[in-house]
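Contents: one structure, followed by commentary.
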Amino acid sequence: MMDIWTKLQENHSAAEGRRIISLFDDPQRFDRFSVEADGLLLDFSKTSIDRAALDLLLELAEVRNVAGKRDAMFRGERINRSEDRAVLHTALRAGDDEPLVVDGEDARPGIRKTLQAMEDFADGIRSGRIATAGGGAFTDVVNIGIGGSDLGPVMAVRALSPYHNGPRCHFVSNVDGAQISDTLQKLDPRSTLVIIASKTFTTIETMTNAETAISWLKNALGSKAVSHLAAVSTALDKTAGMGISPERVFGFADWVGGRYSLWGPVGLPIMLAIGAAEFRNFLAGAWAMDTHFLTAPPDRNMPLLMGLVGIWHRNICRYPTRAILPYDQRLAKLPAYLQQLDMESNGKCVSNRGTTLERSSGPVVWGEAGTNGQHAFYQLLHQGTEIIPAEFLVASRSHEPSLREHHDLLKANCLAQSEALMLGRTLEQALEIAAALGYTGEERRVQAAYRTFPGNRPSMTLAYPLLTPYSLGQIIALYEHRVFVEGAIWGINSFDQWGVELGKELASALVPMIKGASSEGKDPSTIALIRKLSA
Ligand code: F6P
């Protein structure tokens, strides 16, 4: 019997030359190739997937047991095989009270206790009840963390700026001293709270930045500096070593992956910015998406369908990248956030069983907020030699009702892009334009060639009512589960990240060489670069 991948490939080859627009001859095309869930609409009708391909993709999900793997994750099975851990970030936002047994213990009471501790702390800082060393209120918070201990909070704090009524939040991630220097020099240590966020509390960038920030606090506050510090980690023993008092430490379990951690203590800056009640709305949105993922039938299941579109584009159409294009300036950090979520999860060439993958896995994820991207790289999206599936995000309403004209323009631009990508412009149409511009003969043909758009380029659009804590929770959980679906189909462990280790090890070995120790044994390029950089 022909295997399902071959069938998909054959479907794709048989449709070669077919235009996406022709699929709309089916009057039910939009209804069948879009899905709504709790206010969110995902439209994937502007892709080359036809009914037969969609059926095959749904069959693929069944054959690869995506639902079974999903249920195992939610049950708390140790699906992160290489690290022998459960994967339960969903438990941090769970709206149910069912016991959740992990390692022989019900995890729910601990989750509730931590959330309560975060809320007490955040309320205390926001209200001024928890005061500075000098007895005043904290005006600024600096979160020191990197990767999953940074990108989620940065992205969400920016996204939710209309709800921001707490202290100002700043983020330092890079070990480049430029970032911490630029950040601290505009702040007053006497009214600044520093949060050191690191799951492992060993990450060199974070530990180095933490030491610099602690010295900055100590210079101004002496021994009282400790009252301006808080920490977020799974390694509570290590936080004590830094002198941070236990009631200022918010712990979480190792079954929360770094890039999935903004729902718990890593989300403390978000809670400080928007308050506990709105943070709970953020969790509720994510839980609503979890419930949808768990219960919606496959052909109406948004994360499943989004993942299957990803599989189609990556493995069948063989597109190497995907562009994330939020028409929402407050989601400007979403592409960077999704880069880690997606590429650290699914950028793997080894299967869950330790064998080399037979087919491509995660694509390159990149993007930029619209409309800025239009004036930068969309040229390539429309007329470049590579086809890049685009993923648009756009809200029906904005938080600026008095600036209606802006939002109407934003929406029109978003829709124009997906339309232009799909329809393109034929040579005949371009020839007419060139003629109208006064070109004749060979010059008319040349001018028309420049103005021709191949079109037939796929996109998806995710539409939401308004960017709120709730809808942001839905959107992030949707992408998390999409990554899960794709990883499940590829048969990889989406929850480890061994690929970042080698660089870390080599960097530690290079530090003494940068400082002047012998670089013997290194390759000639590295030796020459060390010499140049030490000059
Ligand atoms: O980049 C590797 C990584 O381990 C990420 O997975 C993680 O989010 C980041 O470093 C930061 O790790 P930590 O929170 O332990 O400092």
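As the structure is a computational prediction, the values presented were derived from the model and not from experiment. Along the sequence shown, residues are numbered consecutively beginning with 1. Just follow the structure's listing: the first ligand is 1, and inside any ligand the first atom is 1. Below, all heavy atoms of this structure are taken into account, side chains as well, without hydrogens, waters or symmetry copies.
Of the residues listed (Phe252, Trp287, Phe74, Tyr260), the one engaging His89 in a ring-ring contact (aromatic ring centres under 6.0 Å, His included) is Tyr260, and it is the only one.
Cation-pi contact between Arg85 and Trp255: absent, since separation from the ring centre below 6.0 Å together with deviation from the ring axis within 45° is not met.
Aromatic pair Phe121/Phe250: ring centres closer than 6.0 Å.
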Name each N or O atom in ligand 1 that is under 3.5 Å from a protein N or O, and give the partner atom and the distance.
{"residue": "ligand 1", "atom": "1 (O)", "partner": "Glu344", "partner atom": "OE2", "Å": "3.2"}
{"residue": "ligand 1", "atom": "6 (O)", "partner": "Glu344", "partner atom": "OE1", "Å": "2.7"}
{"residue": "ligand 1", "atom": "8 (O)", "partner": "Gly148", "partner atom": "N", "Å": "2.7"}
{"residue": "ligand 1", "atom": "8 (O)", "partner": "Gln340", "partner atom": "NE2", "Å": "3.1"}
{"residue": "ligand 1", "atom": "12 (O)", "partner": "Thr203", "partner atom": "OG1", "Å": "3.4"}
{"residue": "ligand 1", "atom": "14 (O)", "partner": "Ser149", "partner atom": "OG", "Å": "2.6"}
{"residue": "ligand 1", "atom": "14 (O)", "partner": "Lys199", "partner atom": "N", "Å": "2.7"}
{"residue": "ligand 1", "atom": "15 (O)", "partner": "Ser198", "partner atom": "OG", "Å": "3.4"}
{"residue": "ligand 1", "atom": "15 (O)", "partner": "Lys199", "partner atom": "N", "Å": "3.3"}
{"residue": "ligand 1", "atom": "15 (O)", "partner": "Thr200", "partner atom": "N", "Å": "2.9"}
{"residue": "ligand 1", "atom": "15 (O)", "partner": "Thr200", "partner atom": "OG1", "Å": "2.6"}
{"residue": "ligand 1", "atom": "15 (O)", "partner": "Thr203", "partner atom": "OG1", "Å": "3.4"}
{"residue": "ligand 1", "atom": "16 (O)", "partner": "Ser198", "partner atom": "OG", "Å": "2.6"}
{"residue": "ligand 1", "atom": "16 (O)", "partner": "Thr203", "partner atom": "OG1", "Å": "2.5"}

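Scanning for side chain to side chain contact (heavy atoms under 4.5 Å, CB included) contacts around Pro320 gives Arg314, Glu386, with sequence neighbours left out.
A distance of 10.5 Å separates CD1 in Ile195 from CG in Leu229, rounded to the nearest 0.5 Å.
Judged by distance alone, with hydrogens and angles left aside, the side-chain atoms of Asn80 form no donor-acceptor pair with the main-chain N or O of Asn493 at under 3.5 Å.
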